Enquirer: 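Sharing a structure with you now.
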Amino acid sequence: MNSEAKISLAQSYDADALRRSQSEVAKWKLAERQNFMNLLHSEQKQACWKSEREQARMRKLLAIRGIK
């Protein structure tokens with residue numbers, strides 16, 4: 001992929017960031033994330049989300065659906 005195509009792709013992705021950050025997470029994704037969290041807990045490990053903001057967002061989304 002050439003530099004111009006990469007830059008164009010990055011700009012398109014960034015332009016849609018606000019919509020993605022404000023959209024609701026699909027139920028199947030929440031279920032998969034909960035399964036992953038259960039696995040981590042059973043192995044006495046901790047999740048490592050990309051950022052503190054993502055951690056807070058996921059805790060909020062899971063809490064809304066009654067998932068701890």
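One is the number of the first residue; the rest follow in order along the sequence. It should be emphasised that the depicted structure is a prediction, and the values quoted were computed from it without experimental measurement.
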Enquirer: Which distance, rounded to the nearest 0.5 Å, do you find between the CG of Leu30 and the CG of Asn35?
Expert: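 It is 11.0 Å, given to the nearest 0.5 Å.
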
Enquirer: In Å, rounded to the nearest 0.5 Å, how long is the span from CZ of Arg33 to CH2 of Trp28?
Expert: 8.5 Å

Enquirer: What residues, two or more places apart in sequence or in another chain, satisfy salt bridge (charged side-chain N to carboxylate O under 4.0 Å, His left out) together with Glu4?
Expert: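 Residues passing salt bridge (charged side-chain N to carboxylate O under 4.0 Å, His left out) with Glu4: none at all.
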
Enquirer: Roughly how far, to the nearest 0.5 Å, is OG of Ser12 from CD1 of Ile7?
Expert: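 So the gap between those two atoms works out to 12.0 Å.
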
